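Read the structure below first, then the notes.
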Amino acid sequence: MKEIKSGDITVFDYEGSGSPLLFVHAFPMNNKMWNAQVSEFKSKYRVITYDIRGFGRSKDSFKNIYTMETFANDVLEIIGKLELKTVNICGLSMGGYIVQRAVLKATEKFSSMILADSKAERDDDKGMISRSRFIDRLMKEGIGNFPDEFMKRLLYEKKYQNPGLYKLIKDVINEQSAKALAGASIAMATRTSTTEQLKGLELPVLLMVGEQDTFSPLPNTERMHNLIKNSVMKIIPESGHLTPIENPIIFNKYLSEFLSQIS
Amino acid sequence: MKNLKIGKLSLNDFGGEGKNLIFVHAFPMSSKMWEPQVNYFKDKFRVITYDVRGLGESKVEEYQYTMETYAEDLISVIKELKLEKVNAVGLSMGGYIILRAIVKQPELFASITLADTRAERDTDAGIISRSAAIDMIKSGKRNEFLEQFTKNLVAPANYENPEFRRNLDKIISENSDESICAAMIALATRTSTLEHLPEFNKPALVIAGEYDVLTPPPMAEVMKSVLPDSRLEIIPNSGHLSNMEEPEKFNEVLLKFLNEIN
């Protein structure tokens with residue numbers, strides 16, 4: 001594995017020989033959430049992960065002031081920096097928002113898109129207000145017991161009760177500062193709706209969603225499936241919002257089938 | 001005049017007898033934009049101005065805040081000064097802040113004046129162009145951005161007026177790149193207040209510059225049509241910054257409104 005800097009962003013290039021497969025992580029995680037996918041895919045694909053601006057090992061040199069557009073531009077800059085022709089790109093939740101905007105801005109750079117537990121709609125007013133309150137709380141009180149509260153809603157009940165998995169996720173969350181989490185929350189609040197543009201997308205798309213996902217539940221994925229012409233939808237059993245960690249075997253199976261079908 | 005600090009916020013309390021009159025400024029300005037109003041109203045009302053978080057003298061170290069934070073800041077100013085029955089005047093961003101504050105705590109206000117503003121949230125295209133503006137500033141093109149922005153901000157005659165421009169540019173120049181970008185983000189995180197306005201039954205004055213291209217008169221008419229106790233004044237010969245561009249007319253319509261309701 002080679003570590004590369006793309007501006008403020010730290011990129012992890014596993015240098016496999018196949019076609020590029022770039023993973024974009026969820027809020028409030030970092031590249032480590034893809035460990036089970038890196039092990040599975042690095043022998044067949046050129047697997048690449050990175051930390052979102054301000055997360056994990058990536059910094060921000062402008063006081064963590066950015067929008068969803070900045071996050072999408074970061075993806076395009078990574079592709080440029082690594083001189084990749086076309087990329088299979090996979091994003092979960094916030095990663096999915098980033099992937100959608102990057103793909104819609106420069107479709108020619110991508111050979112397929114994989115969205116897990118994400119949605120095409122922007123925040124509605126109610127969602128915006130509750131996100132704003134969360135940002136104010138983070139900046140006033142710090143992270144506090146946010147990871148525990150969050151994980152309770154994040155994970156399928158049975159997985160939440162698994163101490164090993166719980167600790168693994170909590171440790172990853174705790175690598176991010178309150179300011180980085182607030183900055184990314186602001187970026188999510190400034191995302192736009194992609195519903196109109198997804199209708200015109202010709203790319204092969206795989207949509208996955210955890211059966212017990214309460215953050216981006218099945219109807220959000222069904223709507224994207226209806227919008228995108230060339231899309232396949234798969235439901236991951238025994239999983240909440242964090243499908244690649246909660247049920248990596250099924251997640252990897254569907255991803256692997258999709259990638260071999262399109263190549 | 002007393003300068004006060006409430007948390008991060010810098011306030012000017014001009015004292016004065018009479019009812020409370022608080023002014024909330026526009027982007028990317030500071031409380032200094034209200035100079036023509038302060039001079040005119042300070043003998044008639046208790047005039048208060050403040051700098052929105054990050055801008056003017058309200059300096060911050062951390063720039064993670066939203067429109068909701070701005071509205072909470074206004075509410076905290078009113079509560080800290082123990083102001084009762086506030087007459088609030090906001091222009092553009094200042095109007096957004098007041099609109100959100102009256103949805104949250106309508107009982108704090110005696111009247112509102114909404115100048116060159118709107119009740120709708122940003123469209124998707126609006127958010128994307130704000131993001132592009134942030135990228136411009138980050139990449140060192142602050143002056144290009146401000147030049148484009150100012151062209152839309154004021155009526156052509158004022159844009160060409162060197163004295164007016166010097167004053168305007170000076171106020172803007174005191175704001176850092178970070179504070180301007182963070183304010184644009186706060187603007188992008190605002191919600192629509194339109195559906196709440198029919199519930200606000202206090203007197204409201206809606207003002208729009210005749211040549212305002214950022215929030216043109218039809219947007220003012222939308223607010224006028226849903227606010228139950230409202231009147232609309234169009235300021236002739238003015239762009240978006242009606243209080244600075246046509247201060248005499250602005251002051252006249254505001255004073256008339258405040259006298260009528262009190």
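Lettering of chains follows the sequences in order, A, B, ..., and the numbering in each one begins at 1. Values in this document were obtained by computation on a predicted structure and should not be read as measured data.
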Quiz item: NZ of K104(B): more than 12 outside heavy atoms within 6.0 angstrom?
Solution: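 For K104(B), atom NZ is crowded (more than 12 foreign heavy atoms under 6.0 Å).
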Output the distance between atom [atom1] ([X]) and atom [atom2] ([Y]), rounded to the nearest 0.5 Å.
X: T66(B); Y: D136(A); atom1: OG1; atom2: CG; result: 5.5 Å
X: Y65(B); Y: I65(A); atom1: OH; atom2: CD1; result: 7.0 Å
X: M139(A); Y: Y63(B); atom1: CE; atom2: OH; result: 11.5 Å
X: K138(B); Y: S61(A); atom1: NZ; atom2: OG; result: 7.5 Å

Quiz item: Are R133(A) and E68(B) ion-paired here, with the side-chain N under 4.0 Å from a carboxylate O?
Solution: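 Looking at R133(A) and E68(B), the cut-off is met.
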Practice problem: Kindly indicate, with the supporting measurements, whether the criterion side-chain contact (heavy atoms from CB on, under 4.5 Å) is fulfilled by E178(B) and F62(A). | Solution: CA-CA 7 Å; E178(B) 289 85 352; F62(A) 194 67; 4.0 Å; yes
Checking [X] side chain against [Y] main chain: does a donor-acceptor pair fall under 3.5 Å?
X: D125(A); Y: S192(B); answer: yes
X: D124(B); Y: T192(A); answer: no
X: E62(B); Y: K63(A); answer: no

Practice problem: Quick one: do I128(B) and E69(A) satisfy side-chain contact (heavy atoms from CB on, under 4.5 Å)? Show the steps, please. | Solution: CA-CA 7 Å; I128(B) 290 184; E69(A) 287 301 287; 4.2 Å; yes
Can you tell which part of [X] gets under 4.5 Å to a heavy atom of chain B, answering side chain, backbone, both or neither?
X: R101(A); answer: side chain
X: N73(A); answer: side chain
X: T70(A); answer: side chain

Quiz item: I127(B) and T190(A): which non-hydrogen atoms are nearest, and at how many Å?
Solution: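 The pair with the smallest heavy-atom distance is CG2-O, 3.1 Å.
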Quiz item: Between T189(B), D122(B), I134(B), which shows the greatest number of heavy-atom pairs under 4.5 Å with chain A?
Solution: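 Maximum pair count with chain A is reached by T189(B).
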Self-check item: chain A contact via R190(B) - side chain, backbone, both or neither, heavy atoms under 4.5 Å
Solution: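 Contact with chain A involves the backbone of R190(B) alone.
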